[in-house]
Amino acid sequence: MRTAFILITFWTLASGLLAISRRNMIHCALALISFFAGIAALLFTLSADFLGAVQLLIYVGAISVLILFALLVTHDASRLGDRGAPFSRGKWSGWMLSALVFVVLGFGLHRVAVPPPPDPAPALPVAEIGRLLVTRHAVPFLAMALLLTAALVGSALVAIEESSEHARKE
Amino acid sequence: MNLSDLLPLLRFLAPEILLSALALGALLGEAALSRLLGVEKRQNLLGWLALLGLGACLVILGDQAARGETLALGRGAFVASPFNALLKTAATLAVMASVTMGLRAPFVRHVGENYALVLFSLLGMFFLLSAESLLMIFVALELTSLPLYALAASQKGARRSIEGGLKYLLFGGLSAAFLLFGISYVYGMSGQGSLAGLRDWLVAQRTAGGPGFLFLTGVCLMIVGLGFKIAAAPFHLWAPDAYEGAPLPAAAILASASKLAGIVVAARLLLGAFLPVAGNVLGSPLSWHAGWSPAVAALAVASLTVGNLAALAQRNAKRFMAYSSVAHAGNVLVAFLALDASGRPAALAAPAIAYYAVIYALTNAGVFAAIHALAWGARGDDFADFRGAARRAPFPAFFLLIFLLSLAGVPPMAGFFGKLFLFMAALQADATHWGLAWLVAYALAMNVVALGYYLRFARVLWVEPAEDLRPISTPLELRVALVALALLVLGLGVFPSSCLAAFRTMGGVLLLRG
Amino acid sequence: MLVWTFWISFLGSAAVALLPSHWKSEVRWLALLFAALGLALGLWGWGAYDVEVGGYQLGNGEGVPWIPELGVRFRLGADGFSLPLVILTGVIGVTGVLYSWNIEERVNQFFALYLLLLGGVYGVFLSVDLFLLVVFYEIAIVPKYFLIAIWGSTRKEYGAMKLVLYSFAGGALVLLGLAGIAFAADPAARSFDLERLAATNFSSGFQAWAFPAFFLGFGILAGLWPFHTWAPTGHVAAPTAASMLLAGVVMKLGSYGCLRVAIGLFPGALGATVLGVPGFWRWTITVLAAMNILYGAMVALVQRDFKFVIGYSSVSHMGFVLLGLVTLNLWGLSGALLQMFSHGIVAGLLFAVVGRLVYDRTHTRELDELGGLGRAAPFTASVFIIGGLASMGLPGMSGFFAELLVLIGSWKAFAWVLIPVGIGMIVTVVYTLRTIHLAFFGAAPLVGGDWRGLPPITLPEKAASCFLAAILFLVGLYPTVLLSMMDRASQQFLDRVKQTVPVHLARP
């Protein structure tokens, strides 16, 4: 299990790096899908089956398709390749900062005494999750529903074409 | 659970329910009316309906504040209290000012969607102001921010609007990532989702060898996320572009209500939940104690420096206001550090922060409303466009002066008392040793600089000659809004204890219960 | 009744602002009415004040709570320190309006800001609560900026900004001290009432840093050397009425704050040992005040701009006030108080002559370009000579007694300081005579021709000039008119200071 976890971690990391470093947007999107799948696999190895399934269904299934679809619809796919450098001028400071954060977090994780996992791992049945969502976490659940609506409206508002005369006005 | 049990719940949740209904109503209204009425008419009609609904919200919130009852749902996921109701009232007033600004200036064709986003964002702030659990804070922050990203980018003809909106989105996403990452550490180490639970856990950990390095790392990551939200330097880089690019009504929300919610939630987290790991920054750096205090002190000093000095060099009114808001983030962070050597916050700290957040939101809403009124006849929103505006439109120019002086901290405007209370809280914390005198002295010195640049803006309006002498007419509803906000800013200044006492009795404790 | 002075001024400010800007004459008369009401109330207060009883009178008693959380009360009143300054404010307020009769541009805004400034100044003098005093002090800052920046001359925006930032920086120091006071006493007895604070025995550690914060904060406004540089530039840039008010009254806000707050609340700090020097602050302030007198006079001697001469002479004269304050004896203190009043009138008169009677007519203030003005404008010349003689401290004029008392006081406290002060006084005589000679009697100007075509002096200007000159003579010939209440207040002040804190009153 441990070996599988480490292997999957490296796979996920590699996919993530690919996703931000490729010039071709389609390749980036494919790497991102691989990254999503890696996360799902990680969740399975951590025996969070429900979350893993959700990750598979939503991210690997729905969102990936959405991204690819959006890419193909909004842009000329043949010209996606030559979009300039994926990294900008500040890349070195960016790398340094990330390295710093990594060192600090690694140091913390190294020092922390992780309590041994309870045996057997507590299983949270799906029914219980559902019950919690409509009782204790009802307000956040409702707020999330509104959040999704707002996100939908917002992205529609930004994406929609407007006639130029109104756009210029303020 | 039967229906009669739900009724009291409804009373506490009524403002949120009303707002959701309003937002969805705006969407439906747009769908129904888009064929029947032109953009201007829809803008006006839906805007007035939104104002009406927000007015009803104010009534309900006033009722909640007057009743003095509290309710906590789902382990701090939603806490309704008079204190929160007052904060929500201030946020609502600021958003009402923004809606009033937009009544006659349609900047998008899809006005219903636009109003819906404004209302959704306010709803997010309501949830945020009521949130005492990590989960809810994150969800509510997103609900607040997402509509604002879209609003900031909604002026699609203008390149700078797109740029500002994109920057805001990227930085906002980054800040959400930091916040979430921090939350995951904090939750992972403690197993506590509610703020009160977190505090109790931290108190218990004191005897058990401390919460551990990773927990503190999580807290620091959350501070980074919050720093983005309240535009504290060095996490302020999005602010100037987002303010400049956003249409004025949207920028008004960014600078007022959204900031109010950010400040309050930061206070809840740091002075509420994470109080036991505060450390302190009393006296010389050698005597400081580790915790979040040194990090926040660094943010405060950086914000005071960057905000005030950069504001001096601005030539655009909106960018100027962005840097001013960075400076004010620095001011308010000073009171976050008002802790004595044993980690107890000063009695004045929480009321002072709440008072400051409220009057800052109202003042900034006023500034943007007045700029909006002046920009009516101007070509743009650079300082040069406002030259001699006092001659063309004395009414909004006068009110802009009042609001700017309030921001500068000139009595009898409330800004003076707000700043004074913040600094007094900082000195009160360690009154016997004047441990925070260094920070207060620095903040005061920076506020002298601040008066300089606020007067520079006022000079553009009142001293410089006008090139174009055609008068600018100000619509009646905008005049009413300006007068109302100015009365609030003056009234809360002349009678600061009306507000302060309310906050003190209601909000002496930032956290109610789990 | 006396407390109505600032309400009336604020009310007048609002009323004038609301009049349409083309009702110029109505605006002027209304402003004059409100300013005169303030003066009338001040004079009434002078009559009604019971000198024998002393202390705060004519106010609203114990006041009403304002910010109970901090123990702030809205309490007003006047005593022998503040009442003469209230009258001074009234006098300068009225004459300032008269000298501004010719302002044509944005008249309503000018007088609105002018009355706002006046109201803030009244408020400072009448506050018995320190918090309230600071609030009024800050209210008085912003109108100055606009008065100078809109209606001023010579580098007006620079002068205005510099003046306002210095004032605000002083205010920041005062605020720091104010916040300190809030938590120095125990929370149950938290109060900003000046009477109560004066009776509080603050710890010497607190006094050691609160005193310099307050003294420097207020001292900046009083033109304390080397923080005086805002004063000449600001006064020169300001329009006539504003420079009268600034040099005549607003600088007194600073010295009044130094006396009432810094010395009044923390007398122990004057004698305290700092950096190993006993009486460090008293020494320092004495030296700085002597620098004020000497440096101000020296710089005034070499000015080419008429108005700068007056500006630096103000700095020099404020040195006498500051010097008198730290003598901590009856002569010095009363002399400082009388000097505040006397210099208020003198500075008002001199700035009026330079700004209104000379510059507005000749359009130059260069001493080289003036000259020979005495023949063309005899009234102007005589008024300036009267003011100049009072400024030199000639017997029979108000400045005489004031400076004499300060000199006696400082001779008793620290005799050595008389050397630089004496030199400064001689230089004062020299620069005053030089200025009179160059401007009014010198050779005919090389440029600009002769001055025969100058517009005549108008009635408001004559009235105001005569009024101010009359006061100079009145106070010079019969100083008891003010000195009785000043003496009484100083005596009470010194008694209290000696009683609450064993002040180091010997010669330093």
Side-chain angles (χ1 to χ4, degrees), chain A residues 16 20 46 48 51 88 90 93-94 97-98 100-115 117-118 122 131-170, chain B residues 13 16 20 23-24 27 39 73-75 77-78 105-110 112-114 116-117 119-121 123-124 127 130-131 133 135-136 138-140 142-143 146-151 153-158 161-162 165 169 181 185 189 212-218 220-221 247-248 375:
Chain A
I20 59 166
L46 294 170
L51 277 184
S88 64
S93 48
L97 209 63
S98 318
L100 187 74
V101 173
F102 181 77
V103 167
V104 171
L105 291 181
F107 176 72
L109 282 170
H110 179 68
R111 281 195 6 171
V112 76
V114 179
R131 212 179 58 75
L132 279 178
L133 276 184
V134 293
T135 53
R136 186 192 298 163
H137 300 306
V139 182
F141 183 61
L142 288 172
M144 262 185 248
L146 291 165
L147 171 62
L148 289 178
T149 318
L152 198 68
V153 175
S155 43
L157 190 70
V158 172
I160 206 159
E161 291 276 341
E162 296 217 341
S163 59
S164 50
E165 87 219 76
H166 282 294
R168 248 183 245 120
K169 224 177 185 180
E170 191 216 333
Chain B
L13 276 162
E16 285 76 12
S20 322
L24 297 173
L27 288 174
V39 179
L73 286 178
R75 297 202 183 168
F78 184 88
F107 44 87
V108 284
R109 274 184 75 192
H110 302 268
E113 283 84 347
N114 183 56
L117 286 177
L119 295 169
F120 273 129
S121 184
L123 183 60
F127 280 130
S130 276
S133 86
L135 173 65
M136 194 60 199
F138 181 74
V139 174
E142 287 304 291
L143 182 54
L146 270 175
L148 290 179
Y149 304 150
L151 286 173
S154 62
Q155 212 174 355
K156 281 184 287 181
S161 178
I162 302 291
L169 172 70
F181 201 26
Y185 277 9
M189 296 304 291
F213 182 80
L214 208 56
F215 186 91
L216 289 180
T217 314
C220 284
L221 289 171
L248 274 163

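Note on naming: letters A, B, ... go to the chains in the order of the sequence lines (proteins, then strands), and numbering restarts at 1 for each one.
- Leu148(B) does not touch chain A: none of its heavy atoms, backbone or side chain, sits under 4.5 Å away.
- In this structure, Val158(A) and Tyr149(B) have side chains that are not in contact, with every pair of non-hydrogen atoms separated by 4.5 Å or more.
- How far NE2 of His137(A) is from CZ of Arg75(B): 7.5 Å, rounded to the nearest 0.5 Å.
- Only the side chain of Tyr185(B) comes within contact range of chain A, with at least one heavy atom under 4.5 Å from a heavy atom of that chain.
- When the candidates Leu214(B), Ile162(B), Leu27(B), Leu146(B) are compared by the number of heavy-atom contacts under 4.5 Å with chain A, Leu214(B) comes out ahead.
- Phe181(B) approaches Leu105(A) most closely through the heavy-atom pair CE2-CD1, 3.4 Å.
- By the 4.5 Å heavy-atom criterion applied to side chains, Leu135(B) and Phe141(A) are not counted as neighbours.
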Please report, to 0.1 Å, the donor-acceptor pairs under 3.5 Å made by any side chain of residues 142-153 of chain A, with sequence neighbours excluded.
unit_1    : atom_1 : unit_2    : atom_2 : d
Thr149(A) : OG1    : Ala145(A) : O      : 2.8

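- In this structure Ser130(B) satisfies the side-chain hydrogen bond (donor to acceptor under 3.5 Å, both in side chains) test together with Lys88(B), sequence neighbours excluded.
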